[in-house]
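In what follows, every heavy atom counts, from backbone to side chain, and hydrogens, waters and symmetry copies are set aside.
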Amino acid sequence: MTSSCDLMVVGAGPTGLALALQAAMMGADVRIIERHTGPRAWAPALAIHPRTMEVLRGLDVADDLMSRGLSRVDLEIHVGDSVVSGSLGDLRLPATEYPFVFFAPQPEVEAVLRDQLASLGVEVEWGSTFCRVQSHTDGLVCHFDVGGRQ
């Protein structure tokens, strides 16, 4: 199968999805391929820093994300017989709308980004593995494997 696009994103993690979303919002024809067969169920990351939240605000997803996470987490650390209580979150940073570490599991972040991409007609092509890229005079040709077929 052959098709063209302005941008091919390899990987449907937060960075790839955010890149694809920014490009799609600017009018680019975007494809996203991801080797996994569906969204991950586990969370390799749990927190988002203030500057990242500002970037996500620019992608029109910060409000949706804020409804799915926490700006403060209380905790207890047990060391031997001792227990230390505290909280994580408030950084008291000036000049930002998000002066805290925001807690949202990575699968939630990815879901919010995918939903926004879907509203622009961009879907992740699950089960697609990047193989190689070739340079031609009129652009690049990306080869990828979809379910054992190139």
Please tabulate, one pair per line, all N/O donor-acceptor pairs under 3.5 Å involving side-chain atoms of residues 10-29, not counting sequence neighbours.
none

Taking the side chain as every heavy atom from C-beta outward, state whether Val141 and Val133 have any atom pair closer than 4.5 Å.
no
Mind checking whether Phe102 and Phe100 have parallel, tilted or perpendicular rings, split at 30° and 60°?
tilted
Starting from the C-alpha separation in whole Å, work towards a yes-or-no answer on side-chain contact (heavy atoms from CB on, under 4.5 Å) for Leu91 and Val101.
CA-CA 7 Å; Leu91 300 176; Val101 175; 3.8 Å; yes
Verify same cluster id: Leu120, Val124 (apolar side-chain graph, 4.5 Å):
yes
Charged N to carboxylate O below 4.0 Å: is that the case for Asp64 and Arg114?
no
Gap between atom NE2 of His36 and atom OG of Ser128 - 0.5 Å precision:
12.5 Å
Applying side-chain contact (heavy atoms from CB on, under 4.5 Å) to Ile33 and Met8, what does each step give before you reach the verdict?
CA-CA 8 Å; Ile33 63 170; Met8 170 74 71; 3.8 Å; yes
Is the shortest side-chain heavy-atom distance between Pro39 and Glu34 below 4.5 Å?
no
Inspect the surroundings of CZ in Arg40 and state if more than 12 heavy atoms from other residues, nucleotides or ligands are less than 6.0 Å away.
yes
So, do Val109 and Leu65 sit near enough that their side-chain heavy atoms are less than 4.5 Å apart?
yes
For residues 54-61, run the donor-acceptor check on the side chains, cut-off 3.5 Å, and write out each pair with its distance to 0.1 Å, sequence neighbours left out.
from: Glu54; atom 1: OE1; to: Arg51; atom 2: NH1; distance (Å): 3.2
from: Glu54; atom 1: OE2; to: Thr96; atom 2: OG1; distance (Å): 2.5
from: Arg57; atom 1: NH1; to: Glu97; atom 2: OE1; distance (Å): 2.6

Of all heavy-atom pairs between Ala43 and Pro105, which one has the smallest distance, and what is that distance?
CB-CB, 4.0 Å
Can Val112 be reached from Leu46 by stepping across I, L, V, M, F, W or Y side chains whose heavy atoms are under 4.5 Å apart?
no
Using 0.5 Å steps for rounding, measure from the CD1 atom of Ile48 to the CZ atom of Phe103.
10.0 Å
Can you tell me how far the CD1 atom of Ile32 sits from the SG atom of Cys5, to the nearest 0.5 Å?
10.5 Å
So Val30 and Asp6, side-chain contact (heavy atoms from CB on, under 4.5 Å) or not? Walk me through it.
CA-CA 6 Å; Val30 178; Asp6 298 317; over 6 Å; no
Can you tell me how far apart SG (Cys142) and CD (Gln134) are? Round to the nearest 0.5 Å.
9.5 Å
Side chains of Phe144 and Arg31: closer than 4.5 Å at any heavy-atom pair?
yes
Which value, rounded to the nearest 0.5 Å, describes the distance between Gln106 atom CD and Trp42 atom CH2?
7.5 Å
Under the side-chain contact (heavy atoms from CB on, under 4.5 Å) criterion, do Asp115 and Leu113 qualify, and how do the steps go?
CA-CA 5 Å; Asp115 289 348; Leu113 290 166; over 6 Å; no
Give the cluster check for Val146 versus Phe130: same hydrophobic cluster or not, with ILVMFWY residues linked at side-chain heavy-atom distances below 4.5 Å.
yes
Can you tell me how far apart CG (Asp74) and OG (Ser85) are? Round to the nearest 0.5 Å.
8.5 Å
